[in-house]
Amino acid sequence: MKHTYQNQIQKATQIALSLFFIFCFSLANAQKSKGKLFIIGGGNRSDQLMQQLVDISQFKKTDYIVVLPMSSEEPDSAYIYFKDQFKRLTPNPIVMLNFDKTTVQNPKLNDSLQKAKLIFISGGDQARFMNVVANTPVYSSIHKAFQNGSIISGTSAGAAVMSENMITGNQKLEKEYSGTFETIRYDNLETTPGLGLVTNAIIDQHFLVRSRFNRLISAMVEFPNLTGIGIDESTAIIVDGNNVKVVGESEVVVMKNPFGIQKYPSKKLISLESMQMSMYVAGQQFKLDK
């Protein structure tokens with residue numbers, strides 16, 4: 001009786017281990033099956049830069065491209081600008097899906113979005129984009145497309161939305177919007193939920209042109225466990241899992257591991273003892289912490 005009971009325990013243990021390894025294998029395969037991100041810091045998008053987006057998309061004849069222009073105040077113009085450039089680079093069809101509060105629920109449009117090989121998110125206002133997309137089938141469709149191997153790309157506001165914690169550009173301690181932060185203070189940076197295609201980093205754009213060091217340092221104070229990535233104009237990063245490659249004309253600034261943060265409530269100033277900062281140019285690569 002005792003021997004039989006031990007055999008049952010051993011069999012149950014073996015089954016449990018087998019299921020565990022199957023789960024791990026499935027999870028690993030699911031992670032490998034994800035698409036890539038092509039995140040542009042805004043500004044001029046040269047044909048050479050966008051050709052690299054075409055190259056990583058590896059289009060087949062039946063593949064098509066969807067432009068999501070909801071960040072823009074002029075969605076038609078955003079779409080036409082993208083289409084005029086991209087039709088010089090690839091013969092694949094390019095369509096616009098300008099979702100609103102009603103059409104986000106449309107199953108046919110969401111099915112088309114999920115099946116796009118490339119999804120491109122225009123510049124404009126990242127908060128405007130997320131106000132349309134958050135907690136809707138469109139949000140889920142973008143994630144499903146990414147999970148199934150699609151390329152998700154965006155520029156400027158379309159770059160900011162990639163982060164789970166999205167920089168809106170507003171300051172809590174200032175009434176008026178400013179393209180740069182004049183000071184570094186804690187509890188000043190306004191963030192809201194983004195698409196969450198990048199969960200271990202927070203992304204800023206137009207970085208060197210608009211001197212956004214103070215803003216990204218503020219982000220590191222608020223999110224010390226994340227990696228801060230500042231992408232300059234005419235420059236992009238290709239994110240493949242935790243591997244990141246820089247392409248384009250300028251630089252990418254990476255901040256991480258702020259140490260010894262102290263906060264001073266009277267003026268909401270901060271101090272920190274050290275923080276790692278790196279700069280990368282086209283062709284160079286770095287890794288995101290898991």
Side-chain angles (χ1 to χ4, degrees), residues 37-45 65-83 85 95-104 109 113 118-143 146 152-182 188-198 201-216 218-219 222-223 228-237:
L37 306 176
F38 193 94
I39 309 175
I40 308 167
N44 178 58
R45 306 192 299 268
I65 302 156
V66 167
V67 178
L68 300 179
M70 292 89 78
S71 300
S72 177
E73 287 185 333
E74 299 179 350
D76 290 339
S77 296
Y79 167 66
I80 291 169
Y81 180 81
F82 177 90
K83 185 177 181 180
Q85 180 179 36
V95 298
M96 176 176 69
L97 293 179
N98 186 23
F99 288 98
D100 57 29
K101 289 294 185 180
T102 301
T103 56
V104 289
L109 294 180
L113 180 59
L118 168 62
I119 297 172
F120 183 83
I121 303 170
S122 73
D125 183 341
Q126 52 265 41
R128 183 185 296 118
F129 181 89
M130 290 308 302
N131 284 340
V132 174
V133 169
N135 303 313
T136 72
V138 172
Y139 179 99
S140 301
S141 295
I142 294 170
H143 277 262
F146 182 53
I152 315 297
S153 180
T155 185
S156 188
V161 300
M162 300 289 182
S163 304
E164 184 174 46
N165 298 284
M166 182 185 77
I167 295 174
T168 68
N170 296 324
Q171 299 182 68
K172 296 178 183 178
L173 303 178
E174 301 291 341
K175 293 181 180 180
E176 295 185 6
Y177 172 82
S178 174
T180 61
F181 281 24
E182 294 184 359
N188 181 40
L189 179 78
E190 181 184 88
T191 60
T192 59
L195 285 176
L197 296 170
V198 178
I202 190 163
I203 294 171
D204 207 345
Q205 10 76 23
H206 301 280
F207 194 74
L208 297 177
V209 170
R210 300 187 186 179
S211 301
R212 285 178 167 167
F213 283 90
N214 288 358
R215 191 161 88 172
L216 195 57
S218 299
E222 303 298 336
F223 302 97
I229 303 177
I231 309 170
D232 198 26
E233 293 185 358
S234 305
T235 309
I237 58 172

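Hydrogens, waters and symmetry mates are skipped; everything else that's a heavy atom, side chains included, is used. Just so you know, these numbers come straight off a predicted model, no measurement behind them.
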J.: Find the distance between CD (Q126) and OG1 (T168) and round it off to the nearest 0.5 Å.
T.: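 Nearest 0.5 Å value for the CD-OG1 distance: 7.0 Å.
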J.: Tell me whether the count of non-hydrogen atoms from other residues, nucleotides or ligands lying under 6.0 Å of CD in Q85 goes above 12.
T.: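 For Q85, atom CD is crowded (more than 12 foreign heavy atoms under 6.0 Å).
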J.: Would Q205 and R210 count as a side chain to side chain donor-acceptor pair (under 3.5 Å) if you check the C-alpha gap in whole Å, the side-chain angles of each, and the deciding distance to 0.1 Å?
T.: CA-CA 9 Å; Q205 10 76 23; R210 300 187 186 179; 5.5 Å; no
J.: Hey, could you give me the NE2/OG distance between H206 and S211, rounded to the nearest 0.5 Å?
T.: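 It comes to 13.0 Å.
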J.: Please examine the side chains of F99 and V133, heavy atoms only from C-beta on, and report whether any two atoms are closer than 4.5 Å.
T.: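 A side-chain contact is absent here, since even the closest heavy-atom pair is not under 4.5 Å.
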J.: Step by step, would you call L97 with T103 a side-chain contact (heavy atoms from CB on, under 4.5 Å)?
T.: CA-CA 9 Å; L97 293 179; T103 56; over 6 Å; no
J.: Answer whether the closest heavy-atom distance between the side chains of I119 and F146 falls below 4.5 Å.
T.: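 No; the side chains remain at least 4.5 Å from each other.
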J.: Side chains of M166 and I203: does their closest heavy-atom pair fall under 4.5 Å?
T.: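 The answer is no, as the side chains (C-beta and beyond) never meet within the 4.5 Å cut-off.
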J.: Evaluate ring pair (Phe, Tyr, Trp, His ring centres under 6.0 Å) for F213 paired with F207, printing each intermediate quantity in order.
T.: CA-CA 7 Å; F213 283 90; F207 194 74; 4.9 Å; yes
J.: Would K83 and M96 count as a side-chain contact (heavy atoms from CB on, under 4.5 Å) here? Give the steps.
T.: CA-CA 9 Å; K83 185 177 181 180; M96 176 176 69; over 6 Å; no
J.: May I ask you to test the E222-T191 pair for a side-chain heavy-atom distance under 4.5 Å?
T.: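 Contact flag for E222/T191 side chains = no.
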J.: For K172, is there any backbone N or O sitting under 3.5 Å from a side-chain donor or acceptor partner on N188?
T.: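 It does hold such a pair.
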J.: So, R215 versus Q171: side-chain donor-acceptor pair below 3.5 Å or not?
T.: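 No pair is found: no donor N or O on one side chain lies under 3.5 Å from an acceptor on the other.
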J.: When rounded to the nearest 0.5 angstrom, what distance separates CZ in F223 from CD in E164?
T.: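 That separation rounds to 9.5 Å.
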J.: Counting only N and O atoms by type, is there a donor-acceptor contact under 3.5 Å from the side chain of S72 to the main-chain atoms of G124?
T.: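 Side chain of S72 to backbone of G124: no pair is present.
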J.: Can you name the closest pair of heavy atoms from P69 and S122 and give their distance?
T.: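 P69 and S122 have their closest heavy atoms at CA-OG, 3.3 Å.
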J.: Looking at R212 and G179, would you say the former's side chain and the latter's main chain have a donor-acceptor pair under 3.5 Å?
T.: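 Such a contact is found between R212 side chain and G179 backbone.
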J.: Look at atom CG of D100 and say whether more than 12 heavy atoms of other residues, nucleotides or ligands are closer to it than 6.0 Å.
T.: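 Atom CG in D100 is packed in, count exceeds 12.
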J.: Keeping N44 on the side-chain end and E233 on the backbone end, is there a donor-acceptor pair under 3.5 Å?
T.: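 Such a contact is absent between N44 side chain and E233 backbone.
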J.: Please confirm whether the backbone N or O of I231 pairs with a side-chain atom of T235, one donor and one acceptor, at under 3.5 Å?
T.: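 No.
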J.: Looking only at atom types and distance, does a side-chain atom of S153 sit under 3.5 Å from a main-chain N or O of F38, one as donor and one as acceptor?
T.: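 Yes: the side chain of S153 pairs with the backbone of F38.
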J.: Looking at CE of M70 and CG of N131, how far apart are the two atoms once the value is rounded to the nearest 0.5 Å?
T.: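 Those atoms lie 11.0 Å apart.
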J.: The test is side-chain contact (heavy atoms from CB on, under 4.5 Å); show your working for L173 and F181 and say whether it passes.
T.: CA-CA 11 Å; L173 303 178; F181 281 24; over 6 Å; no
J.: With rounding to the nearest 0.5 angstrom, report the CG to CD1 distance, L216 to I229.
T.: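 Those atoms lie 9.0 Å apart.
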J.: Show the nearest heavy-atom pair for residues F129 and S71, with the distance to one decimal.
T.: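 That would be CB-OG, 3.2 Å.
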J.: Verify side-chain contact (heavy atoms from CB on, under 4.5 Å) between N214 and T180, making sure each step is shown before the conclusion.
T.: CA-CA 8 Å; N214 288 358; T180 61; over 6 Å; no
J.: Quick one: does N170's side chain have a donor or acceptor within less than 3.5 Å of a partner on E190's backbone?
T.: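 Between the backbone of E190 and the side chain of N170 there is no qualifying donor-acceptor contact (under 3.5 Å).
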J.: Can you find a pair of side-chain heavy atoms, one from I142 and one from L113, that are under 4.5 Å apart?
T.: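 They are in contact (side-chain heavy atoms under 4.5 Å apart), so the answer is yes.
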J.: Measuring from I39:CD1 to S163:OG, what's the distance to the nearest 0.5 Å?
T.: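 That separation rounds to 7.0 Å.
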